[in-house]
Structure formats: structure tokens, C-alpha cells
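First up is the structure itself, then whatever we jot down about it.
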Amino acid sequence: MNPHERNTATTLPGPVDLPALTALFDRRRRHITRRIIVCAGTGCVAGGALEVYEALRRKIDAAGIPVVCRLEREEHADGSAHLSKSGCQGFCQMGPLVTIEPEGILYTRVQPGDVDEIVDATIIGGQVIDRLLYVDPAAGRHCRSTHDIPFYARQQRTVLESCGRLDPEDILEYIHDGGYEAARRAWLEMSPEAVCDEIAHSGLRGRGGGGFPTGRKWHLARQQPGEKKYIICNADEGDPGAFMDRSVLEGNPHSVLEGMMIAARAIGADEGFVYVRLEYPLAVARVRKAVADAERLGLLGDNVFGSGRSMRIQVVEGAGAFVCGEETAMIASIEGQRGMPRPKPPFPAQSGLWGKPTVINNVETLATVPLIIRHTSAWFRRLGVENSPGTKTFALSGHVINTGLIEVPFGCTLRQIIFDIGGGVIDEHGKLSNDSFKAVQIGGPSGGCLTAEHLDLPLDFDSLRGVGAMVGSGGLVAMNNRTCMVQMARFFMQFTQNESCGKCVLCREGTKQMLALLDDVIEGRADAATLELLEETAWAVGKGSLCGLGKTAPNPVLSTLRHFRAEVEAHVYQKRCPAGKCKALARPEILADRCKGCTVCARKCPVNAISGERKQPHVIDSQKCVNCGACIAACKFGAIVGSN
């Protein structure tokens, strides 16, 4: 027996009364007339949100308004103001964010110095402070609430609907919002097979990247013999630029715990683990508190909902190894071993943690489960598209006006995300320049590039696979035409090579070789054989690596070669970086203040790339220049600078 199999024969507490807890929350807030919500997700905290929170607490109290920071008792004075923190509200570009209820006013980029005016003008005076409102650059108007802001209005938030609204550290508010009712139904009114069937009928597919049908995975684990089974929440989010799972854990941890409880009922498990990155201290703290609060109320522990069955959840911190996001490597890490993948089959649903049937779902998948049980699979299927129902969260970053956490239904196009929700593409100076759109990297190190020709491609699991990309965990990095795609491929290859666990030769040595070949391309040492070897190695790594992370490691390279081959070949054959970002391939530039207009450089240029009038500063056409260095050698005035 492993150390986590225990005798749970103890005195069973009474069943949890969710309606009574909802009524208790109502009594605790009955004297509250106003609520001020400060976004306390990681992004806003980094921008000073906690300082804003403390300044609000002091100012509201000094103004003589009873301020309540925790709804922990029923005896509050009439007219009290409830000051609370929330998880990520999504609009990271404009944080710190402060919401004033019941008016629904959203203030952006709030600093402690703005607090006096907020309290005096808005909370006491009922006036709106225009300078703190978001201004829609397209319409030039001030937006009073999230309903007016295109970034929010053009999303369809279901998983994120409560993030940024609820206090993530108040379990009663989650229960008041309908929380744990789906778990109660699953444990008391549905059989394990019925729970699996409902999730299977919904068409829910894993949101961690692979898109495997969740209901099928649950059925497989349910049908395995044995009494001991496990549920694992994969919160080891390691993709560069991805913060979807972190934000859900920070903003609504109870939704994830409830999803784990439903999954446990479906397969017959009595124990679960939340495997979360050590680098997510706020998420770790909030999910630990959520587990403790659920245990305190009797939602977790023995006799769940009076069913006579038990369920316990532990939080395990990972050490930051990207490979531990792979199922079998995560299992090894939880068991106390080095996080390295194992051959499959057997799959974890057959033989996983300590050799027992184990279901592993990521954070977003589990947070979706209670919504399906609460609203039915038919409701869920009305969202998204036939083979990819529901919504997907994305971390939108890069060269767009509005970066942040978004949620859209599957089938939404890249154009809608980049230009409607994201507000459009910005140039190298931060100015709106939609003509400068070049590409989007989707799915992080396991994903690939989408180009202008894919702007109207519906984003779903199958359509993306058809163009050599994948949803992945949900990172979306927009790039303008000043981005070097070879450097972008190298960035992800460097990450993958650093994170390779080293177990299989193809991944360990192949990623190192691809990285070296990309360096040759960027530094001007590549030739035709380099490209051939790069592509051959990429296919070999993808075919022969042991785990899914190794198999998808070449995707950024292969998609770059597929969609931007001309740009890669310009590096190789013309020794030219079209984006002008590779220093070793930088084209010569004539400094106007030094150029005498002697025309010597123009006469020495073998490709007629230099033009200009005599005794006037000359210019170099970078598209024609072959970077031979003849002009630099010929200039007697030091007016031409470049890589040679």
C-alpha cells in the first residue's frame, strides 16, 4: 500500500447544506450597499494593485464609511462598503483595474494617487472620473463599464465569467453563485456512468493542448478494475507567454476543485492532486486556501454530501520543469521521482499514479466540467463548433493594442481576435498599423505560425491541425512585419532544448542540433545543406521522440519553413534578414551627416543598390543589397556602417 492509501473509517460529519450556506452569505452582505473590486491577479499585483487596495481601505475608512474587507460576520453597519480583491480580470494591458458596484464602473491604470479622487468623486459623490475610464481608440469614446469595452464585449466568457468578479478566497460567495451544486448532483443524483456520459455527450475536449475527448478518458478510467483511483489537475503551465491556468486558479480555484470532485465521482476516485508550478505563488496560496475551506465546510473529506464516500485533494508544487506538464512525467514527479516521461501504453487511465488508474485533466478542462453538469451538455454544445464545442481561453500578447486573458468560442477567427478583441496590430513605435500584421504564434513551443492567409480560419482543434499548428495550452503571440521569423523559431527551439529532460536521444540531441542550425542561419553561416539538414532533423525528432513534448518540439521550425520559407532562404542565400533584426546580416547604412555625396560607393556597388545625387547624401536599397561590404571599404569618410 502506498503512503496515500489510508483507512478513512472515522465518524462521518453531517452532509453540507448548500442552500443554508447561500442564505448565510446573503445575511452577511445584507447591509452592504456598495462594492469596490480591485483586480489582484498577478499582472495587476505587479503593477501596484495591492498598494491601491490598501490606499482604498484607508481612504474609505477615513471618509467615515464602514469598510468591510471580509464577509465573515453578519453584524455590519448599514451603508457599509465591501472592498474585495479578485483574480485576473483579463484586461492586463490596462491594469491595475478597479470596479465600482452597483454602477459597474471600471477604472483602468489606477494608482494609489488616484484613490482620494475615486472615493470623493465616485463613492461619495456619485460622479464618474473620465480620465480613469478606458478610451476606445477606434471610436474615441470613454467606456464606462466592461459592456462598453470592445475587448470584453466581443468575448464569450464562461470559464472566466466569475474570474474578476468573485472573491477567490471566499468559498461562500462561490457557493452563493451556484458553486458545488453540480458536484452535489454528480455525487447524489447521478451514477458514475451517467456523469461520464454527460461529459462525453458535451463533446468536451482537453484544453491542455492535445484535445483528447474528456468523456472518453473518464470512461476508460471508470472501467478499470480496482478500488483505488486518482484525479490529477495539471496546473504545470510552462509555455512562454501562457497564463490561462494560472489566472483561473488565482481567480476561481473552487471551480477547479469542483471539477475534480465531479471527475472523481465519474471514475470512482477518492483522492486528487493539484500539480501547480512553484513559480505561481499566488495560485498556490489561493488553491491551498480553497482546499482548506472546502475541508472546513465538509465539502472535501469523509462522507461527501452525505454520500458515505470520501474525497481528498492535495496541492503539490512542481519545480518548474517544462517536461512535467507531460502526463507520465508529472506522475513520476508526484511519486517523488525525477520528472521524466514513460512509454505509452499503458496510458495513465489504465496504470498511472502508483500503478493505479489515473485521470489527468488541465485546469481549464476541470473548470469547464461544473458548467456542463449545471447547464447540461446540450447547452455546452451550442457554444463553439461541431467537433470542438465550447470556448477556449487564450493569453493574447505581442504586437497588439490590447493584451491580456481572453475567452472566445471555438470557431472564432484569428481576425476577430487580433483586430476586434486585440484592437489591432501595432508597429515598432507602438502605433496602430494593421497593415504591418505578419503572423501569430499559437500553442507556444508545441504550436506553429499562422499568417495573413489564415486570418479567417476558424480556430478549432481540427482546422489548426490541418495547417500544421495546434491550439496548445492557448498562447497567442501576435507579430508585426519587423519580427524575424527565424529568430522566433530559434526562441522556441532554445526553450525546448533547455527543457528537454534528456531521456530520449532524438529529443535531447535533435533539439540541440536544430538550435545550432538555426544559429547558422541567423549568423550567416548557412547554405543549402543547412536547410536540408534542419528540415530532416525536425521530422526525425517529431517522429521518434518518446513524449508529446518532444514530438511537437519541431513544430515552430516546420511551420516557419512552411509559411516563411522565402524569408528563411533570404537569410541563407542572400545573407539578408528581411526584418532587419539579425545583426550578423545587417545591411550597410549610410549616415547622412557624414556622407559627402562623392558617389564612390555607388560606383563600387556590384548590384546598383546605392542611389543619390552628387554632393547629396546617398541611400542604400536594402532589398537589393547583398551585404558584400564593397561600399564600406570604398568610403573614405566613415559614412557607411554595417556588419562587414
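All values reported here derive from a predicted model rather than from experimental measurement. Side chains included, hydrogens not; waters and symmetry mates left out as well; all remaining heavy atoms used.
- Two residues are said to be in side-chain contact when any heavy atoms from C-beta on lie closer than 4.5 Å; F380 and H375 fail this criterion.
- Formation of a donor-acceptor pair under 3.5 Å by the T496 side chain with backbone atoms of M493 is not found in this model.
- Side-chain contact annotation: N362 with T365, donor-acceptor N/O pair under 3.5 Å present.
- Under the 3.5 Å distance criterion, the side-chain polar atoms of W218 are left unmatched by any main-chain donor or acceptor of A200.
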When you look at E237 and Y280, which way does the side-chain hydrogen bond (donor to acceptor under 3.5 Å, both in side chains) test go after all the steps? CA-CA 9 Å; E237 184 178 51; Y280 286 176; 2.9 Å; yes
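- The side-chain heavy atoms of V363 and C233, taken from C-beta on, include a pair separated by under 4.5 Å.
- Ion pairing between R185 and E181 fails under the 4.0 Å rule for side-chain N and carboxylate O.
- In this structure, the separation between CD on Q494 and CD on E499 is 10.5 Å, given to the nearest 0.5 Å.
- A salt bridge is absent between E271 and K229: the closest approach of a Lys/Arg side-chain nitrogen to an acidic carboxylate oxygen does not fall below 4.0 angstrom.
- Residues Y174 and E258 have side chains that bring a donor and an acceptor to within less than 3.5 angstrom of each other.
- In this structure, a donor-acceptor pair under 3.5 Å is absent between the side chains of T537 and Q513.
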With salt bridge (charged side-chain N to carboxylate O under 4.0 Å, His left out) as the test, would you mind laying out the steps for E295 and R312 before giving the verdict? CA-CA 8 Å; E295 290 175 342; R312 289 178 170 80; over 6 Å; no
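- Contact between C39 and C88 at its shortest, heavy atoms only, is SG-CA, 3.9 Å.
- The closest side-chain donor-acceptor pair between T158 and T391 falls under 3.5 angstrom.
- Checking side-chain atoms of D460 against main-chain N and O of D462 turns up a donor-acceptor pair under 3.5 Å.
- No donor-acceptor pair under 3.5 Å is formed between the side chain of E326 and the backbone N or O of P341.
- Aromatic ring centres of Y180 and H254 lie closer together than 6.0 Å.
- More than 12 heavy atoms of other residues, nucleotides or ligands sit less than 6.0 Å from atom CH2 of W379.
- Listed by chain and number, the residues in a side chain to side chain contact (heavy atoms under 4.5 Å, CB included) with E72 are R70 (sequence neighbours excluded).
- In this structure, Y230 and I331 have side chains that are not in contact, with every pair of non-hydrogen atoms separated by 4.5 Å or more.
- With a 4.5 Å cut-off on side-chain heavy atoms, L166 and D177 count as touching.
- A distance of 7.0 Å separates CG in L414 from CD1 in I442, rounded to the nearest 0.5 Å.
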Would you check, one step at a time, whether the test side-chain contact (heavy atoms from CB on, under 4.5 Å) holds for V159 with N252? CA-CA 9 Å; V159 172; N252 197 4; over 6 Å; no
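- Residue L160 holds its CG atom at 8.0 Å from OG of S247, rounded to the nearest 0.5 Å.
- Counting heavy atoms from C-beta on, the side chains of M330 and I232 come closer than 4.5 Å.
- R374 contributes atom CZ, which lies 9.0 Å from atom CD1 of I262 (distance to the nearest 0.5 angstrom).
- Between the K392 side chain and the P409 main chain, no donor and acceptor come within less than 3.5 Å of each other.
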Start with the C-alpha distance between L459 and V471, add both sets of side-chain angles, then the distance that settles side-chain contact (heavy atoms from CB on, under 4.5 Å), and finish with yes or no. CA-CA 8 Å; L459 299 185; V471 174; over 6 Å; no
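- Between K85 and E169 there is no salt bridge, since none of the side-chain N atoms of the basic residue sits less than 4.0 Å from a carboxylate O of the acidic one.
- Residue T376 comes nearest to E198 through the heavy atom pair CA-OE2, 3.4 Å, listed as atom of the first residue, atom of the second, then distance.
- A donor-acceptor pair under 3.5 Å links the side-chain atoms of E335 to the main chain of W354, judged by distance alone.
- Annotation for E227: atom CD does not count as buried by contact number, only 12 or fewer foreign heavy atoms lying within 6.0 Å.
- Distance alone, capped at 3.5 Å, places no donor-acceptor pair between the R205 side chain and the P389 backbone.
- In this structure, E327 pairs ionically with K217, as a charged nitrogen and a carboxylate oxygen lie closer than 4.0 Å.
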One pair to check against side-chain contact (heavy atoms from CB on, under 4.5 Å): Q89 and I37. What are the steps and the verdict? CA-CA 10 Å; Q89 296 180 16; I37 305 172; 3.9 Å; yes
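- In this structure, the side chain to side chain contact (heavy atoms under 4.5 Å, CB included) partners of D519, at least two apart in sequence or on a different chain, are R490, L515, E523, R525.
- Contact of the V274 side chain with the V316 side chain is not registered, since no non-hydrogen atoms from C-beta on lie closer than 4.5 Å.
- Side chain of T552 to main chain of N555: no donor-acceptor pair is present (N/O by atom type, distance under 3.5 Å, no hydrogens or angles).
- In plain terms, the two heavy atoms of S397 and T403 that are nearest each other are CA-CG2, 3.8 Å.
- Residues that satisfy the side-chain hydrogen bond (donor to acceptor under 3.5 Å, both in side chains) test with T393, not counting sequence neighbours, are E364.
- Listed here is the closest heavy atom pair of L558 and A538: CD2-CB, 3.7 Å.
- Classification of the F495-F322 ring pair by plane angle, with boundaries at 30° and 60°, yields perpendicular.
- Distance CZ/F410 to CG/L464: 8.5 Å, rounded to 0.5 Å.
- Between the side chain of S500 and the backbone N or O of Q497 there is no donor-acceptor pair closer than 3.5 Å.
- Under the 3.5 Å distance criterion, with hydrogens and angles disregarded, no donor-acceptor pair is assigned to the side chains of Y275 and E317.
- H219 and R222 share a donor-acceptor pair across their side chains, judged by distance under 3.5 Å alone.
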I would like to know whether N303 and R309 meet side-chain contact (heavy atoms from CB on, under 4.5 Å); could you show each step before the answer? CA-CA 5 Å; N303 196 26; R309 296 180 293 272; over 6 Å; no
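- When side chains are defined from C-beta on, N361 does not count as touching N234, because their heavy atoms never get closer than 4.5 Å.
- Side chain of S388 to main chain of F461: a donor-acceptor pair is present (N/O by atom type, distance under 3.5 Å, no hydrogens or angles).
- In this structure, CD1 in I360 is found 11.0 Å from CG in D236, a value given to the nearest 0.5 Å.
- For P168 against P253, the heavy-atom pair with the smallest separation is O-CG, 3.6 Å.
- Summarising the geometry of C449 relative to S559, their closest heavy-atom pair is N-OG, 3.0 Å, with the distance given to 0.1 Å.
- Counting only heavy atoms from C-beta outward, the side chains of L278 and V284 never approach each other to under 4.5 Å.
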